[in-house]
Every structure is written in C-alpha cells, then in structure tokens.
Amino acid sequence: MVKVLFVCLGNICRSPTADGVLRKLLVDQGLTDRIEVDSCGTGDWHIGKAPDQRAQATASKRGYDLSVLRARTVHIGDFEQFDFILAMDESNLKDLQGLAPLHLHGKIRLFLEYAPSSGLTAVPDPYYDGAAGFEHVLDLVEEACDGLLEDIKQSTLK
Ligand code: 4NP
C-alpha cells in the first residue's frame with residue numbers, strides 16, 4: 001500500500017480538497033487497494049470539523065464529496081506511516097520539517113511539485129478569500145493530483 005498524506009494549516013480547505021480529489025481518482029481508476037489517502041492540519045482550531053462549506057460546495061460542483069472528512073492535526077506517527085507527505089505551502093512545509101525526525105524529511109515535499117505547469121510553489125490559503133479562491137485551489141489540486149498519481153504509478157506501483 002502506498003500512503004499519501006495531504007497537509008495544510010486548518011485541514012478544512014486545501015488538504016481535504018486534495019484528499020477528496022485523489023480519493024475519487026483512486027475509485028475511478030480502481031486503485032483503492034493500492035493507494036491510501038488522508039489529510040491533516042498543522043493547526044488545531046478545527047479538530048473534528050467537516051471541511052469548510054465553501055470548499056465542500058466548490059468540490060461538489062465538480063463531483064467530489066468532501067462531506068465525510070473530519071479535521072485532525074498531524075501527529076508524529078504520520079511521518080513513519082505515510083510515504084508521501086505533501087504540504088500545501090512553504091509554511092506548512094517548514095512546520096512539518098520542524099516536527100519530523102530528520103531521517104524522514106525525504107518524504108515531505110510541496111504538493112505543487114507535481115503541478116509544474118502551474119508556475120506556483122504553494123496552493124494559496126483560500127480561507128479569507130471569496131469563491132474564486134476556492135475555484136483556484138481546486139484547479140491547482142486537480143492538476144497536482146493528476147501529476148502525483150502518474151508519478152506514483154510510474155515510480156512505485158510498477
Ligand atoms: P486550510 O485553510 O489550511 O486550507 O484548511 C485554513 C483554514 C482555517 C484557518 C486558516 C486556514 N484558520 O485560521 O482558522
């Protein structure tokens with residue numbers, strides 16, 4: 001099993017969006033028995049909460065159901081358990097690197113490394129934005145999930 005963990009700040013906007021998008025790709029491509037996905041946040045304000053209504057609504061329009069997801073914080077065991085630990089922005093990346101044992105830092109990277117044509121390194125935090133911010137997040141997340149899945153298929157599932 002390949003295990004993917006998406007990480008943002010609150011675990012109610014960006015990382016659950018990525019979780020829902022990759023989850024659907026795995027179902028559609030019959031890969032749920034090969035690849036597992038989860039998401040979490042570095043902050044603890046929203047533990048136990050469902051994704052932000054704006055994130056859910058934006059995702060739902062494109063066929064992704066985020067309603068079953070619940071926010072949790074990252075914990076130390078995640079660094080052992082997951083193979084790909086993907087940060088939404090540089091701040092999340094720094095926080096993860098501060099928490100992880102040094103020998104596991106290689107698993108941690110920026111999610112948008114898998115969306116090189118976006119020209120961005122970070123998925124912008126949409127929390128204080130309007131609807132357009134959430135559409136932009138979803139555009140970036142869809143592109144990066146496609147890139148990530150291709151990478152996993154070529155590098156790991158072969
Ligand atoms: P996320 O967005 O990190 O993409 O889930 C945020 C959600 C909540 C807050 C910040 C960012 N907050 O400050 O509560």
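Each ligand, and each atom within it, is numbered from 1 in the order the structure gives. One-based numbering along the sequence shown.
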- Item | All side chain to side chain contact (heavy atoms under 4.5 Å, CB included) counterparts of Arg54, not counting sequence neighbours | Asp52, Tyr127, Phe134

- Of the options Tyr114, Phe111, Phe84, Phe82, which is the one that meets Phe6 in a ring pair (Phe, Tyr, Trp, His ring centres under 6.0 Å)? Phe111

- Message: Which residues end up grouped with Leu9 if you chain together Ile, Leu, Val, Met, Phe, Trp and Tyr wherever their side-chain heavy atoms are less than 4.5 Å apart?
- Response: Trp45

Could you tabulate the donor-acceptor pairs under 3.5 Å formed by side-chain atoms of residues 92-102, not counting sequence neighbours?
from	atom 1	to	atom 2	distance (Å)
Asn92	OD1	Met88	N	3.4
Asn92	OD1	Asp89	N	3.1
Asn92	ND2	Asp89	OD1	3.3

- Note on the structure: Chain-and-number sorted residues having a heavy-atom contact under 4.0 Å with ligand 1 are Cys8, Leu9, Gly10, Asn11, Ile12, Cys13, Arg14, His46, Asp125, Tyr127, Tyr128

- Query: Is it true that Lys24 and Glu142 make a salt bridge, defined as a side-chain N closer than 4.0 Å to a carboxylate O?
  - Reply: no

- Could you verify whether a donor N or O on one side chain and an acceptor N or O on the other, from Thr73 and Asp44, lie under 3.5 Å apart? no

